[in-house]
Amino acid sequence: MKILVCITHVPDTTSRIAFTDGDTKFDKNGVQFIIGPYDDYALARAVELKEQSGGSITVLNVGEAETEPTIRKALAIGADDAIRINAFPEDALFVAKQIAAVAKDGGFDLILMGRESIDFNGGQVHGMVGELLGIPSVSPVMTLDIDGDTAKISREIEGGKEYMELPLPFVAGCQEPIAEWKIPNMRGIMSARTKPLEVKDPTGDAPKTKVSKFELPPAKGDVKLVDPDNMDELVNLLKNEAKVI
Amino acid sequence: MSTATTQPEEVNENKEMIAQMVRDFCAKEIEPNKMKWDESQEFPIETFRKMGELGLLGVLVPQEYGGAGFGYHEYVTAIIELSKVDGSIGLSMAAHNSLCTGHILQHGSQEQKKKYLPKLATGEWIGAWGLTEPNTGSDAGNMKTVAEKDGDEWVLNGAKNFITHGNSGNVAVVIARTGEAGKSRNASAFIVERTNPGFKQGRKEDKLGMRASETSEMIFEDCRIPSENLIGEVGQGFVQALKVLDGGRISIAALGCGIAEGALEAAIAYSKEREQFGKPISAFQGISFKIADMAMKVEAAKLLTYQSAELKNQGKDVNRESAMAKLYSSEIAVEVANDGVQIFGGYGYTKDYPAEKYYRDAKLCTIGEGTSEIQKVVIARTLLNQ
């Protein structure tokens, strides 16, 4: 089984978010970057599938040179080799085209990624990659098992779960509990540097979108605590201050 | 907080990845359980074995012997991160890596390395190391444990105490006297397996801190071991032990750095949350100056520790530098943990908050693997006996 795992290089979930360059760029100063948490699930499941039935894992990232430590962490966790497309991941279609270009002749049985990145949270790339390659794409995938040329998956849908069978190859956007995050071990960290990391130039047109401005959501207001014995005050506040009743 | 070093980017990146790995492991396995282990004084042997799976029990062991094959920088980083969360597990890691495993790695024969290092590096076996005795701590030359040759075997008699993993260790490196008491080159090092007849478990110590790290006696009663378990040559035991301790001191220095940094981070977080007179206590100079001093001490200790790690990696003699790092880190760990308790105030004196554990754990650093006073003897000797 040949698996392609696409990972994003995103700010740690506890990062303070700020902008620079006239609010058009994310301020990376002092920010710790990590593998996208949903991508981490995809990678963990790929490692489990490889442990079960052999094969190889290629990890792919669209990003500038600064993403290489994140890519090497994926290699330390268990990917065999890596490709970095040397470009800033400006928008979903641009990223999807880069992934599709790598996957087109790569002979991958499975293309896994997170259901969405946690920076822009678009959740569009897996669908676009499936469309560009003319293969199925499913998301958000919560379980994934392979039986010969067929995969059995379950995915979250409005109000319940959907169980599906589909032929390989396909694209899956993953989320918990598909696998437990893997912690790289010392030997993995040591060997990550000797695994191949190929840098390729982007293909196709430049990204079509341009960021005009970022804005932070308004700060959360103060909380007023009302004594449970004082329902009159609660009603008064809801009616006259919050104006919701 | 990060310490700037002049390391190649590659080493810094590995250190960051190792630090993250240890943080993830601690959050999952150690943080939720550490107070329980501390209270019951339980050595969490299964958790410790999991550290073997992650490669934390054979950091310096080459990959051909099943280890991670890293140098001292990465080793120091791993111990610091672990000790920030729980010093007692950091101590067990340091003792396992530097002492038992380190002794066989540095002085063992090819056969001994092949036989023991893969088991130790993966955590299948836990290692102990015995030099200290009830009546000879710092004065190791007058040890009472003796080894006598009897045909193809060595017969050990005596007792070692204050031994990390003395009861749980599957294998121990033991220094025993093979010559006359008080004479030089009178000790030799032996590998003793738990199953060797006459190797008995002794009393487990009830300690102030480092309570999840097992400290106990090892007793030898006509303990017979095959002659091939002698490490190196007869009479080299003490010299070997001193070299092992040179490296070991770097690990205890790292332990001190970790405990101090953990205490500092806890104090910073608390001082920003705790309000008095309508503002966080961090806004008061009495607290903020304390925190500035604590942070400066942690950074200085880390610089000394990473410096001796660098020298050790270069194969240089680290006798003085490792003693300085160990001495300074241990002393500031106690000071910083003490200030930590003070910043937490009354809550710092309770087990509901982390400050008191750092305080109890830190004190071991000024005593174990050579007291602070012995470190000063070592440092002074290198300066004055030239």
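None of these values were measured; they are calculated from a predicted model. Order of the sequence lines sets the chain letters (A, B, ...), proteins ahead of strands, with each chain counted from 1.
Contact annotation for A:R187: both backbone and side-chain heavy atoms come within less than 4.5 Å of a heavy atom of chain B. Residue A:A192 does not touch chain B at all, counting heavy-atom pairs closer than 4.5 Å.
Classified by interplanar angle (parallel below 30°, tilted 30° to 60°, perpendicular above 60°), the ring pair A:H9/A:F33 is parallel.
The neighbour count for A:E180 CD, taken as heavy atoms of other residues, nucleotides or ligands under 6.0 Å away, does not exceed 12.
Residues B:E81 and B:F25 fail the side-chain proximity criterion, which asks for heavy atoms closer than 4.5 Å.
Note that B:K15 lies in the cation-pi zone of B:Y306, set by a 6.0 Å cut-off to the ring centre and a 45° limit from the axis.
When the candidates B:M21, B:K28, B:E53, B:E74 are compared by the number of heavy-atom contacts under 4.5 Å with chain A, B:M21 comes out ahead.
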